[in-house]
Amino acid sequence: MHRRIMAPGALAAASLMLAIPASAASHSPGAPGIGDPYYPAYGNGGYDVSHYDLRLRYQPATDRLEGTATLLAKTTQDLSRFNLDFLLDVSEVRINGAKASFATSGEHELEITPNKPLAKGTSVTVVVRYSGVPSTKEAYGFNAWLRTPDGGVAAGEPEGSWWWYPSNDHPLDKATFDVSVQVPNGTQFISNGTLQGTSSRAGWTRYSWRSNKPQATYLATFAAGRFDVTTGTSESGIPIINAYSKDLGDHANAARASIERSGEIADWLSEYFGPYPYNALGGYVPNTRTGYALETQTRPFYSPANFANGSNTSVVVHELAHQWWGDLVSVKGWKEIWINEGFARYAQWLWSEHEGEGTAQEIADYVYASRSADDPFWTVKPGDPGPEKQFHISVYDRGALALQALRNEIGDEAFFAVLKGWPQKYAYGNATVADFVRYAEEVSGKRLGSLFDTWLFQPSKPGAPAARSASIAKSAPAQPKSWKKIAATNEVHEH
């Protein structure tokens, strides 16, 4: 909270009012949050970012990061001040070339005051010079930066940007990215999109990456380390870059045997979801101790632990399915997480069917029958799970169950038309669960509110009549052959 000290007396008050230009009287600060009920302080109000240009230098030995972020934005209200989400130390901020004052507040807010108020609809160039050691910064009692033996990694959901670049950190404000990072020779830098080029000078090498399609801030990734890099092209012509830490040990071959199939898997997924939406593809595995994976746009992050029990293409299917469900079409608010996770899980069920290891129907029957009515699993509502249960297994498995129920209700022709049409309808934008329900009703010509309420919003196990109506668990099935591989991805986002 900022307090202004007012001079006493009517004359002083009148003088102060006269000092404020009439054009600035209606200007007000942008909100410190974008309005998400799950995370009220995430994102910011008053502006929309169209592009991030990040030009940085990173020293793995000390974990020091420094450089300049340039944001291209447009104001959405008359602004006297606005916030960015950021944790590192800022030395200078400029707005349209002029120095601006700045301060920090809350857990992760950088408050910026331009030297002149900004009118609604103004194009704004924001330059932030900064430095710091990401591994030493905390917000809300945690640190999302992943320090590795040979560098550092940023890959987190729903937050991760604060530790390496200033942003409007919410999926509602998607933007394109240029990320250029200088690292010591012998270290590589991996990010999203296409590698525009490299240049070396005085013992340092700069890697410049570009994401030319709108991207949510949490999907931007930073990975500096010593990698073995492979390149290729999918059968459909998508350039592929994969990177594997040189220190993966016994997990190295299993990781390669899985991720090197990314082109094949993306082409297969496009049969269900429509054309692959980006001009780059791949994945990377740094030497982290984490257990999760993340759908960082065009180049998913995987942990070595994902391959501890051998190759697992199911986790690759999950993260690549997110390129449509979560990346191409992003949530409007974090309560809509089912749009990301339910569909990525269902893609794993379809892959199981493709691999001859259990049909989607068999897996749905198994999930329903294997959990009793008093299992807490059923108390979580995938359609609105709450921030503490955002990545609960119910959002994945019960979320996918809802899709199998939908498939059985409207038939394969309409169901697969929905899966292919939805990503195109909301391409590069945002949507809600309610939007999906309406779209499924439009395509199928059926009223589906009751079905979705039963499978997504009731905090209890759908009863036998509802299951029979949805053709779920007509009998208690054996465990599908693919189940252990699918279950091995249960905690991919539990971070």
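From a predicted model like this one, the values you see are computed outputs, not experimental measurements.
Salt-bridge check for Lys481 with Glu355: failed, with every basic side-chain N at 4.0 Å or more from each acidic carboxylate O. Taking a cutoff of 4.0 Å between a charged side-chain nitrogen and a carboxylate oxygen, Lys461 and Asp375 do not qualify as a salt bridge. With salt bridges taken as basic N to acidic carboxylate O contacts below 4.0 Å, one links Arg210 and Asp178. Between Asp435 and Arg438 a salt bridge is recorded (basic side-chain N to carboxylate O distance below 4.0 Å). A salt bridge links Lys446 with Glu409: at least one charged nitrogen is closer than 4.0 Å to a carboxylate oxygen.
Between the side chains of Asp36 and His170, at least one donor-acceptor pair of N or O atoms lies under 3.5 Å. Side chains of Thr76 and Lys120: no donor on one and acceptor on the other come within 3.5 Å. Thr454 and Gln458 form no side-chain donor-acceptor contact under 3.5 Å, judged by distance and modelled atom types alone. For the residue pair Asn242/Glu260, the side-chain donor-acceptor check at 3.5 Å is satisfied. For the residue pair Gln390 / Tyr39, a side-chain donor-acceptor distance below 3.5 Å is found, with atom types taken as modelled. Residues Tyr366 and Gln479 have side chains that bring a donor and an acceptor to within less than 3.5 angstrom of each other. With hydrogens and angles left out, the side-chain atoms of Tyr302 and Glu319 include no donor and acceptor closer than 3.5 Å.
Between His354 and Trp268, the ring-plane angle classifies as tilted under the 30° and 60° cut-offs.
Of the listed residues (Val316, Val315, Ile265, Val285), just one forms a side-chain contact (heavy atoms from CB on, under 4.5 Å) with Ser258, and that residue is Val316.
The six-membered or imidazole ring of Phe189 lies away from that of Tyr58, with a centre-to-centre distance of 6.0 Å or more. Proximity of the aromatic rings of Tyr292 and Phe301 is defined here by a centroid distance below 6.0 angstrom, and this criterion is met. When ring centroids are compared, Phe86 and Trp162 stay outside the 6.0 Å threshold. Within the 6.0 Å centre-distance limit, the rings of Trp334 and Tyr218 are counted as a close aromatic pair. Between His108 and Tyr140, the distance separating the two ring centers is shorter than 6.0 angstrom. Taking the centre of each ring, Tyr426 and Tyr439 stay at or above the 6.0 Å mark. Aromatic pair Trp325/Phe273: ring centres closer than 6.0 Å. The six-membered or imidazole ring of Phe457 lies away from that of Trp378, with a centre-to-centre distance of 6.0 Å or more. Between Trp324 and Phe343, the ring center distance fails the sub-6.0 Å criterion.
Note that Lys213 lies outside the cation-pi zone of Phe177, set by a 6.0 Å cut-off to the ring centre and a 45° limit from the axis. A cation-pi arrangement is present between Arg256 and Tyr244, with the terminal nitrogen or guanidinium carbon under 6.0 Å from the aromatic centre and inside a 45° cone about the axis. The cationic atom of Arg345 (NZ for Lys, CZ for Arg) does not lie both less than 6.0 Å from the six-membered ring centre of Tyr396 and within 45° of the ring axis. Lys246 forms no cation-pi arrangement with Phe227, by the criterion of a distance under 6.0 Å to the ring centre and an angle within 45° of the ring axis.
Looking at heavy atoms from C-beta onward, Tyr47 lies in side-chain contact with Leu84 at the 4.5 angstrom threshold.
Side-chain N or O atoms of Ser245 include one that pairs as donor or acceptor with a backbone N or O of Asp247 at under 3.5 Å. A donor-acceptor pair under 3.5 Å is formed between the side chain of Ser234 and the backbone N or O of Ile238.
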